[in-house]
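Both counts, for ligands and for their atoms, begin at 1 and track the order of listing. Reckoned from all heavy atoms, side chains included, excluding hydrogens, waters and symmetry mates.
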Amino acid sequence: MSVTPLSAARPDDALDPAAMRQPLPDAWYCVGESRLLHAKRLRAVALNGEQIVLGRGADGAPFALRDRCPHRGMALSKGPFDGDSLMCPFHGWRFGTDGRCRAVPTLSSHDAADFSRIAVQRFPVRESAGFVWVNPSLAPDSTAPAVPELGFEPAGSVVIALEVEASFDLTTLSLVDPGHVAFVHDSWWFRPSKELREKVKTFQPVTHGFVMTSHAATKSSPVYRLLGGVPDVEIEFRLPGVRLERIRAGAKRVANYTFATPLSENRTLLTNALYWSVPALNLLKPLARPLMRQFLTQDQQVLQHAQSGLDRKPTMVLLGDGDLPSQWYFRLKREALEAARAGRPFVNPLERRELCWRS
Ligand code: FES
Ligand SMILES: [Fe+2]
């Protein structure tokens, strides 16, 4: 992908363009809801072209292994898991949740073959905000951006996940792109007015990203009205593809989190989680689910069409303040890659700024 920023140009030759096209290798990616990981059950997921098998060990801790038996490549997720070891369904080799080969049942007592050094790749895994996060990089000195935390005890939540046939970058840009909202998300319940209005918002850098704070949210939005009072809204973008919208009205808290996960080069998972602290909002759960699905489907459709355009010609023109957050995404990503390559700490290249656009 070549991007033409029409302002603040920066030489693009500092980094291999192929690396810029890849999702960040050393980062935590959302691979699904925590509640879907049950004892004695395995789950197969895709992450950045890799097949991964997820499970929960006897101690309740999640584990993530490459979903490939070293013997002849069989998917370990297709075999049984007794809570302690996974058995490959092809020839019965057994592996611990740490990936080490524990038994090769076809070996006789006369066979001197040693299987103790055979292991399946194990990936770092974490749980946070109701999700499982896997870091596909095996760097021992990882400096990956922190996994998102929720910061309050939710009374309820709704999660919607959709696969988008588009690259990770294009999908992630939609998380920081104010310009598409009026055109793509034009449902009555989200945008009662069709008019474009001038917006002025202050953005400041935070660790591995940037945040927009505003103190007088659009009162006309029925979603906000449900909370009562004038809510404070804070929207953070954080590498690799994480958007954290936090809404506070007095002691009431709502969080709307969106995560992009690269499944393969041209498939990205978009996960949207809405959490609230007020038990009364549980009544709206049946309503929230279809609306959130509609919202995410709007992104999915437009991203897929845009991807076919980019497939024909992989260039973008980023124009005006409304496209600055998109440029910032690429700057943050470039800095993360350069810092990793040089073995130095990440330094956020962004500055506090006011942006004006119409949306
Ligand atoms: S392929 Fe797994 S045991 Fe043979
Ligand atoms: Fe969107």
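- With hydrogens and angles left out, the side-chain atoms of Asp67 and Ser77 include a donor and acceptor closer than 3.5 Å.
- Distances from atom 2 (Fe) of ligand 1 to the heavy atoms of Pro70, Cys88, Cys101, Pro105 put Cys88 nearest.
- For the residue pair Ser359 / Lys199, a side-chain donor-acceptor distance below 3.5 Å is found, with atom types taken as modelled.
- Listed by atom number, the atoms of ligand 1 under 4.0 Å from Phe90 heavy atoms are 1 (S), 4 (Fe).
- Nearest N, O or S atom of His71 to atom 4 (Fe) of ligand 1: atom ND1.
- Less than 4.0 angstrom separates some heavy atom of Cys69 from each of these atoms of ligand 1: 1 (S), 2 (Fe), 3 (S).
- Looking only at protein N/O/S atoms, the ones less than 2.8 Å from the Fe ion (ligand 2) make 4 in total.
- Atoms of ligand 1 lying under 4.0 Å from any heavy atom of Met74, numbered from 1 in the order shown and given with element: 1 (S).
- Side chain to side chain, Asn282 and Trp276 meet the donor-acceptor criterion of an N or O pair below 3.5 Å.
- Transitive grouping of hydrophobic side chains (ILVMFWY, heavy atoms separated by less than 4.5 Å) keeps Met212 and Val206 in distinct clusters.
- No side-chain N or O of Glu234 forms a donor-acceptor pair with one of Thr213 less than 3.5 Å apart.
- Atom ND1 is the N/O/S atom of His91 found closest to atom 4 (Fe) of ligand 1.
- Using modelled atom types, one finds no donor on one side chain facing an acceptor on the other under 3.5 Å when comparing Asn256 with Tyr275.
- For atom 1 (S) of ligand 1, the nearest protein heavy atom (residue, atom name, distance) is Arg72 N, 3.3 Å.
- Side chain of Thr271 to backbone of Ala161: no donor-acceptor contact under 3.5 angstrom is found.
- Asn48 contributes no side-chain N or O that, together with a main-chain N or O of Ser264, makes up a donor-acceptor pair within less than 3.5 Å.
- Side-chain N/O atoms of Arg352 and Gln204 include a donor and acceptor closer than 3.5 Å.
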